[in-house]
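In what follows, chains are A, B, ... by sequence order, proteins preceding strands, each numbered from 1. The model shown is predicted, which means the values in this text are computed figures rather than measured ones.
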Amino acid sequence: MAVYALVDCNNFYVSCERVFNPALEGKPVIVMSNNDGCAVARSAEAKIIGVDMAAPAFKLRHLVESHGLVMLSSNYALYGDMSERVMSVLATFSPGAEVYSIDECFLDLDGLPVDDLTAWSQQIRATVRRWTGIPVSVGIGSTKTLAKLANRLAKKSKKANGALDLTGNPKWVEAALKQTPVGDVWGIGRQYAAHCGVNGICTAYDLTLQSDGWIKKTMGAVGLRTVMELRGTPVHTLDTAPSDRQTTCCSRSFGEAVEGFDQVRDAVVTFASRAAEKIRGQGLVAGALQVFAYTDRFRPDQPQFSLNSLIRLSPPTSSTPHIIGAALRGLETSWRDGYGYKKAGVILVDLVRPEDIPRDLFSQPQDAGVKPKALMAAVDGINSKLGKGAVGYGFAPKDAPWQMRCDNRTPSYTTSWDELPVVKA
DNA sequence: TCTGGGGTCCTAGGACCC
DNA sequence: TCTGGGGTCCTAGGACCC
């Protein structure tokens, strides 16, 4: 029988912040999205005082006064580094590990010499906590979807104490399914949950009783796979070597809406060069690019407009000047004056490894004069040594109105020499 | 005043081919 | 008068995830 564990960090971003600032322990704390827009991580105390996931920050400010809510800007350099530490600890517990997201990891337990899975889970929790400072929960099931479901219950139940194994007895699975609202199942989002509700399907258990035909019709092939997994048939296997990305996006909401072409252009140059850096880091080249910009959808009183254009890159490239040039051509052709643009971005698509590029009869060797590969390697090398943005293209002043807001960011404690935590005697 | 960013997969429909 | 059917590829949009 297949056995999967899902290890999930509790309130991950908040937990990372607490490792370096223990004074946040016991307090209601949230971490906000980019641009300080809304809550993306909440401590248990913040959940208790009624902070919802994705609650807009401006609706939470009053809780700072009334309940001592601490609102932090997100610090992805810190979370990414802490994530790597947690994952490296987890890898010591099983040869089969799939890093599923920044704060989650599936482990394949099939064939591991473990007889008490609950005790083993508690050992994982203790080890990760001691070595990284991060609290985690562990759920175990015969499919990935059931491991997810077990993990959710492990977090909720006091008795479980952060670890729940559903593999010992089919009755445990049935009980777990019955106490899980259908909308909390992995793979059932808002739309499908609403559809289920209308049809009197309230729990995960109810969902397993529906006919395959009905499930396929209302939730498609993906929904059917989810239900098979709830019934105990493994469909999703462990993916330990994730394949290359197909797309990469760099986009931001602006701190404030901007009307001028020049400002949107500066932003697009910045996004294009970030996106190019990203794919170079993965050893990929892009066959095309999309550039987009749109107005503030939360202001229906203002004129709305959305521009989007697709530019082919032939031959496929990861060179920053080529990608910036294409993005600007796209922006110019679809640009319209007279709108307050609130967000823009660049998406690199049709990503491939250079050796997999199909031969093109007519394409010319790229850039006869300067070798873009050497140039880009030099640029990336300097930035890696001296810090992000040491050299680059375009003009992106720190005070440009389109730069994102980020008023309360903690230091990059673990990834920047200048920001190491200091211990005072 | 103020609402994130980055992904995946599937499906329906149109264009095109024979 | 009468106007097929099956296949592929591409794209846009919609669902989901963290």
Legend entry - Watson-Crick or G-U pairs under 3.5 Å in DNA chain C, rendered as dot-bracket with [ ] for crossing pairs and | for another strand: ....||||||||||||||

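- Between A/Y76 and A/Y13, the distance from one ring center to the other falls under 6.0 angstrom.
- In the model, A/S137 has a side-chain atom that pairs as donor or acceptor with a side-chain atom of A/N10 under 3.5 Å.
- In this structure, a donor-acceptor pair under 3.5 Å is present between the side chains of A/E17 and A/Y79.
- Contact check, A/S251 against B/dG4: no side-chain N or O comes under 4.0 Å of OP1 or OP2.
- Ring planes of A/Y100 and A/F106: perpendicular class, angle over 60° (limits at 30 and 60°).
- Among the heavy atoms of the strands lying under 4.0 Å from A/E104 are primed sugar atoms or P, OP1, OP2 only; no base atom is included.
- No contact: A/D36 has no heavy atom under 4.0 Å from any strand.
- Ring pair A/Y341/A/Y339 is perpendicular by interplanar angle, where above 60° counts as perpendicular and below 30° as parallel.
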Distances for protein N or O near nucleotides 7-13 of chain B N or O, under 3.5 Å:
unit_1, atom_1, unit_2, atom_2, d
B/dG7, OP1, A/T248, OG1, 3.4
B/dG7, OP2, A/C249, N, 2.5
B/dT8, OP1, A/Q246, N, 3.2
B/dT8, OP2, A/T247, OG1, 3.2
B/dC9, OP2, A/Q246, NE2, 2.9
B/dC10, OP1, A/R225, NH1, 3.2
B/dC10, OP1, A/R225, NH2, 2.8
B/dT11, OP1, A/A221, N, 3.3

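- In this structure, A/F58 does not pack face-to-face on the six-membered ring of B/dT1, missing the 5.5 Å centre cutoff or the 30° plane limit.
- Counting non-hydrogen atoms under 4.0 angstrom, A/I102 reaches nothing in the nucleic acid.
- Closest contact between the side chain of A/D296 and the listed nucleotides B/dT3, C/dC18, B/dG5 involves B/dT3.
- Rounded to the nearest Å, the gap between the C1' atom of C/dG4 and that of B/dC16 is 15 Å.
- For the pair A/K178 and A/Y205, the cation sits on the ring face: its NZ or CZ lies under 6.0 Å from the ring centre, inside 45° of the axis.
- Distances shown here put every side-chain N or O of A/K343 at or beyond 4.0 Å from the OP1 or OP2 atom of B/dT3.
- With hydrogens and angles left out, the side-chain atoms of A/N35 and A/S253 include no donor and acceptor closer than 3.5 Å.
- Computed from coordinates, the A/W186 CH2 to C/dC18 C1' distance equals 11 Å when rounded to whole Å.
- Closest non-hydrogen pair, A/V136 versus A/R125, comes out as O-NE, 2.8 Å.
- One interatomic measurement links the two molecules: CZ of A/F106 to C1' of C/dC17, which rounds to 11 Å at whole-angstrom precision.
- In this structure, NE2 of A/H236 is placed 11 Å from C1' of C/dC16, rounded to the nearest angstrom.
- In this structure, CG of A/L348 is placed 13 Å from C1' of B/dG6, rounded to the nearest angstrom.
- A/D301 has its CG atom 13 Å from the P atom of B/dT3, to the nearest Å.
- Counting to the nearest Å, the C1' atom of C/dC16 and the OH atom of A/Y100 are 9 Å from each other.
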Run the side-chain donor-acceptor check on residues 236-248 of chain A: report pairs under 3.5 Å with partners two or more places apart or on a different chain.
unit_1, atom_1, unit_2, atom_2, d
A/D244, OD1, A/R353, NH2, 3.0
A/D244, OD2, A/R353, NE, 2.8

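- Among the atoms of the strands shown, only primed sugar atoms or phosphate atoms (P, OP1, OP2) are found under 4.0 Å from some heavy atom of A/R190.
- Heavy atoms of A/V185 sit under 4.0 angstrom from primed sugar atoms or phosphate atoms, though from no base atom.
- Side chains of A/S73 and A/N408: a donor-acceptor N/O pair is absent below 3.5 angstrom, by distance only.
- Regarding contacts with the backbone of B/dT3, every side-chain N or O of A/R299 stays at 4.0 angstrom or more from both OP1 and OP2.
- Put simply, CE on A/M219 is 12 Å from C1' on C/dC16, counting in whole angstrom units.
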